[in-house]
Amino acid sequence: MGKNLYVTTAIPYVNGAPHIGHALDYLLADVWARYQKQNGKTVRFQVGTDEHGNKIAAKAAEANMAPKQYTDQMATVFESFIKKVGAEYTDFVRTTDPHHEAAVQWIWQKLQPYIYKGSYEGWYCTGHEAFFTDKEVEATGGVCPDHQKPYERISEENYYLKASAFTDQVREAIEKNKMRIVPEFRKKEFLELMKDGLKDVSISRPRKTLTWGVPVPGDPEQVMYVWLDALANYITVLGYPDKEGWQEYWPADVQVIGKDILRFHAGIWPPMLLGLGISLPKTLLTHGHVNVGGAKMSKSVGNVVDPNGIMDTYGVDAFRYFFARHIPTQDDGDFTWEKFETSYNTELGNDLGNVVQRVASMLVRYQAGVIGEAPQSEHDMRPYREAMENLQFNVALDQVWLMVRSLNQYIDTVKPWEIAKTKDTDQDAAEHLAEVLATSVGNLLQIADLLVPFMPSTAKIIHDTFGTGVVTAVPAVMFPKLYVHTPDPRGGSQPAAPTVANEQPADHA
RNA sequence: CGCGGGGUGGAGCAGCCCGGUCAGCUCGGUUGGCUCAUAACCAACAGGUCGCAGGUUCGAAUCCUGCCCCCGCAACCA
């Protein structure tokens with residue numbers, strides 16, 4: 001049934017360590033993929049690394065390594081990071097892969113009708129051997145701060161992709177949602193941006209200024225420059241153009257990107273595809289950025305939050321939960337350690353973990369763990385499904401928590417512990433108790449189902465605990481309280497021991 | 001007049017497109033209940049000019065106009 005599905009993530013430029021922005025890409029793509037798989041679909045899921053360019057070559061030189069040696073190392077770093085986030089990708093593409101490089105050269109030739117030679121003029125720093133944008137030049141007063149030399153206005157020859165030729169086609173595809181840009185306001189924003197037409201884009205650099213890249217076929221003096229090389233990964237990883245089967249997955253169903261690169265994915269990528277004569281992706285899911293305490297995360301400010309630290313302390317599922325629910329899927333979000341920890345302790349610990357605990361405990365205590373027939377929960381799944389289909393994962397999780405809360409309310413209303421008092425003498429009471437607990441289990445199992453895309457390990461624990469009809473033992477406490485960044489309300493008389501393996505710096509203010 | 005987003009009880013948000021049944025949710029605070037549970041859970045309360053000023057309407061957080069403030073973007077940086 002149905003076509004196989006394909007989801008992609010932006011391939012990070014490997015000149016730095018993985019950060020939260022990358023994690024968000026992987027997480028959103030993975031949530032979507034797991035949801036689809038849960039519904040019986042076959043999903044191909046691409047991740048990868050962008051490895052060419054001067055900055056990479058410079059980084060490598062810094063580390064006294066060959067570029068490829070450096071990117072080999074970085075690719076490993078990213079791969080293990082992606083695994084750590086729990087993303088079940090199927091393909092890992094590197095722009096230095098032989099097949100990718102060959103495919104990009106093939107693409108270059110295929111795009112010949114839309115490639116022309118022109119000159120690029122800009123501010124150049126001989127020390128950096130690179131161009132700088134007007135904004136950067138302006139900000140530094142026209143003098144390179146690193147080399148104390150004024151920028152030079154120079155021009156150089158390079159090749160351009162005639163993206164402008166596809167303006168009308170691209171606009172129509174976006175307007176008619178043939179290529180859907182999510183959320184709607186980003187679509188609007190981009191259409192406004194391209195109001196005067198798409199701009200042709202420079203896609204090569206002279207070899208003398210760029211050495212680390214894919215050679216331009218037929219012109220030894222030129223090397224390909226970022227976008228053509230990087231964007232092509234989405235199809236080359238599937239085997240385009242020469243290997244069988246890429247058509248099974250292209251066009252992509254969802255391409256997950258950050259808001260900062262929408263313009264390239266909406267303004268350069270579609271022209272490339274149209275030039276090659278293949279379909280546009282169906283959806284560009286554009287997520288926002290993660291701020292810290294309302295401010296942009298930046299190295300110079302020093303407020304960068306390392307996702308590894310979060311995962312190490314609170315666990316992967318807690319990490320996935322927070323970023324899926326409290327960073328709106330389609331908009332900017334805000335992270336603080338206080339918010340994170342509060343969410344962890346209250347929503348995961350008090351709400352979810354605790355309800356699992358209390359139901360399991362009652363089953364063991366009152367019925368020797370025997371569940372009996374757990375009835376199907378009668379909750380209305382439509383709001384959740386709708387949110388998932390609309391790519392509003394945070395809204396879907398809100399729905400799940402409504403269920404968690406209502407289960408707690410149900411238990412408090414029915415008071416199984418009251419019923420249990422007479423269960424040994426009153427057959428009706430015993431039956432009633434069994435029914436109440438079975439109903440609770442039915443709810444928990446459904447909650448676990450809905451959590452599968454978001455918190456796979458947690459969902460598995462719940463399924464394993466209640467799914468067999470007998471609870472053999474009360475499971476270990478899920479999401480034990482942690483007070484690393486928030487005050488411990490359990491009293492200060494005892495040196496409250498948050499069993500945290502590795503402490504993170506508390507504040508970045 | 002460059003483009004986009006936003007200003008709702010202490011904090012964070014939903015509602016606005018399809019005007020009234022909207023002033024809602026979570027966290028935090030207070031009080032009470034309960035004891036199955038991770039000092040947890042349940043209930044109630046505390047009361048905010050829905051940025052400001054006009055307008056439309058029987059009626060506006062929700063539509064229109066003007067203004068103020070905050071954030072992001074302004075083509076090759078997640």
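Here is the naming used below: chain letters follow the sequence lines, and residue numbers restart at 1 for every chain. Please read all numbers here as calculations on a predicted model, not as lab measurements.
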message: Whether Arg320(A) engages the ring of Phe454(A) as a cation-pi pair (distance to the six-membered ring centre under 6.0 angstrom, angle to the ring normal within 45°) should be assessed.
response: no
message: Less than 4.5 Å apart, side chain to side chain, heavy atoms only: is that true for Val359(A) and Leu444(A)?
response: yes
Might you list the N or O atoms of the protein lying below 3.5 Å from N or O atoms in nucleotides 3-5 of chain B, with each pair's distance?
{"unit_1": "G5(B)", "atom_1": "OP1", "unit_2": "Lys188(A)", "atom_2": "NZ", "d": "3.3"}

field: Residues in salt bridge (charged side-chain N to carboxylate O under 4.0 Å, His left out) contact with Asp196(A), at least two apart in sequence or another chain
entry: none
query: U56(B) and C64(B): how far apart are their C1' atoms, nearest whole angstrom?
result: 7 Å
query: What's the shortest heavy-atom distance between Ala374(A) and Gly442(A), and which atoms?
result: CB-N, 4.0 Å
message: Run the side-chain contact (heavy atoms from CB on, under 4.5 Å) test against Leu262(A) and tell me which residues pass, sequence neighbours left out.
response: Ile181(A), Arg186(A), Phe190(A), Ile257(A), Ala266(A), Leu284(A), Thr286(A)
message: Categorize Asp351(A) for me: base, sugar-phosphate, or nothing, with a 4.0 angstrom heavy-atom threshold over every strand shown.
response: sugar-phosphate
- prompt: Once you round it to whole Å, what is the distance between P of C71(B) and CE of Met297(A)?
  reply: 18 Å
field: Spacing of Lys259(A) atom NZ relative to C77(B) atom P, expressed in whole Å
entry: 16 Å
message: Rounded at 0.5 Å granularity, tell me how far NE2 in His52(A) sits from OG1 in Thr95(A).
response: 5.0 Å
- request: Could you check which residues of residues 19-32 of chain A get a heavy atom under 4.0 Å from RNA chain B? Sort them by number, please.
  value: His19(A), Gly21(A), His22(A)
query: By ring-ring contact (aromatic ring centres under 6.0 Å, His included), which residues pair with Tyr26(A), not counting sequence neighbours?
result: none
query: ring pair (Phe, Tyr, Trp, His ring centres under 6.0 Å) with Trp269(A): which of Trp227(A), Tyr234(A), Phe264(A)?
result: Tyr234(A)
message: From CG of Leu348(A) over to P of C27(B), roughly how many Å is that when rounded to an integer?
response: 13 Å
query: Over how many whole Å does the gap from His265(A) atom NE2 to C77(B) atom C1' extend?
result: 13 Å
message: Mind checking if Gly258(A) touches a base, just sugar-phosphate, or nothing, with heavy atoms under 4.0 Å?
response: nothing
query: What interatomic distance, in whole Å, is found between P of C16(B) and the corresponding atom of A53(B)?
result: 24 Å
statement: Assert: residue with more 5' nearest nucleotide on RNA chain B, out of Lys339(A) and Val226(A), is Lys339(A)
Under 3.5 Å, which protein N or O atoms sit close to an N or O of nucleotides 29-31 of chain B? Give each pair with its distance.
none

message: Between C1' on G12(B) and CD on Glu341(A), what's the gap in Å once rounded to a whole number?
response: 17 Å
Quiz: residues 77-85 of chain A side-chain donor-acceptor pairs under 3.5 angstrom, not counting sequence neighbours:
{"unit_1": "Glu79(A)", "atom_1": "OE2", "unit_2": "Tyr89(A)", "atom_2": "OH", "d": "2.9"}
{"unit_1": "Ser80(A)", "atom_1": "OG", "unit_2": "Thr76(A)", "atom_2": "O", "d": "3.3"}
{"unit_1": "Ser80(A)", "atom_1": "OG", "unit_2": "Val77(A)", "atom_2": "O", "d": "3.0"}
{"unit_1": "Lys84(A)", "atom_1": "NZ", "unit_2": "Asn308(A)", "atom_2": "OD1", "d": "3.2"}
{"unit_1": "Lys84(A)", "atom_1": "NZ", "unit_2": "Asp312(A)", "atom_2": "OD1", "d": "2.9"}

Upstream residue (5' side of RNA chain B) when His289(A) and Gly267(A) are each assigned their closest nucleotide: Gly267(A)
message: With rounding to the closest Å, how many angstrom separate the C1' atoms on A43(B) and G5(B)?
response: 39 Å
statement: Correct closest heavy-atom pair for Ala324(A) and Thr329(A) would be O-OG1, 4.4 Å
- prompt: Taking atom C1' of C36(B) as reference, at what distance in whole Å does atom CD1 of Ile371(A) sit?
  reply: 15 Å
- prompt: What's the closest nucleotide to the Tyr225(A) side chain, out of G28(B), A37(B), C76(B)?
  reply: C76(B)
- prompt: Where along residues 399-414 of chain A does a heavy atom fall under 4.0 Å from RNA chain B?
  reply: Arg405(A), Asn408(A), Gln409(A), Asp412(A)
task: Report which part of the nucleic acid Asp260(A) touches: base, sugar-phosphate, or nothing (heavy-atom distance under 4.0 Å, all strands).
output: base
- request: Determine the contact category for Tyr13(A): base if any of its heavy atoms lies under 4.0 Å from a base atom, sugar-phosphate if only primed atoms, P, OP1 or OP2 are that close, otherwise nothing.
  value: nothing
- prompt: Which whole number of Å gives the distance between the P atom of U62(B) and that of C18(B)?
  reply: 14 Å
message: Looking only at the side chain of Arg263(A) (C-beta and beyond, no hydrogens), which of the listed nucleotides A75(B), A78(B), C76(B) gets closest?
response: A75(B)
message: Would you measure the distance from the P atom in C17(B) across to the matching atom in G28(B) and give it in whole Å?
response: 33 Å
Atom pairs, N/O to N/O, protein against nucleotides 15-17 of chain B, distance under 3.5 Å?
none

task: Compare side-chain N and O positions of Lys481(A) against OP1 and OP2 of A40(B) and report whether any pair is under 4.0 Å apart.
output: yes
- prompt: CG of Leu482(A) to OH of Tyr344(A): how many Å apart, nearest 0.5 Å?
  reply: 4.0 Å
task: Please state the C1' separation for the pair G48(B) and G12(B) - nearest whole angstrom.
output: 15 Å
- line: Taking Watson-Crick and G-U wobble contacts under 3.5 angstrom, with | marking pairs to another strand and [ ] crossing pairs, the secondary structure of RNA chain B is written .(((((((.[[[[.)....(...]]]].(((((.......))))).....[[[[[..)....]]]]])))))).....
query: Any idea which of U38(B), C36(B), U35(B) is nearest the Val477(A) side chain?
result: U38(B)
- prompt: Within this structure, what is the CD1-to-P distance between Ile327(A) and G12(B), rounded to whole angstrom?
  reply: 14 Å
query: What is the distance, rounded to the nearest whole Å, between atom CG of Asn394(A) and atom C1' of U26(B)?
result: 14 Å
task: Please list all pairs passing the salt bridge (charged side-chain N to carboxylate O under 4.0 Å, His left out) test where one or both residues lie in residues 390-401 of chain A, with sequence neighbours left out.
output: Arg325(A)-Asp398(A)
query: Does Asn354(A) have a side-chain nitrogen or oxygen under 4.0 Å from the phosphate oxygens OP1 or OP2 of C41(B)?
result: no
message: Could you walk me through whether Trp108(A) and Tyr159(A) satisfy the ring pair (Phe, Tyr, Trp, His ring centres under 6.0 Å) test, starting with their C-alpha distance in whole Å, then the side-chain angles of each, then the deciding distance to 0.1 Å, before giving a yes or no?
response: CA-CA 11 Å; Trp108(A) 180 283; Tyr159(A) 290 99; 5.5 Å; yes
task: Any chance you could measure Leu450(A), atom CG, to Leu445(A), atom CG, to the nearest 0.5 Å?
output: 11.0 Å
- request: Please list, chain by chain and in numerical order, all residues satisfying side-chain hydrogen bond (donor to acceptor under 3.5 Å, both in side chains) with Lys259(A), sequence neighbours excluded.
  value: Asp332(A)
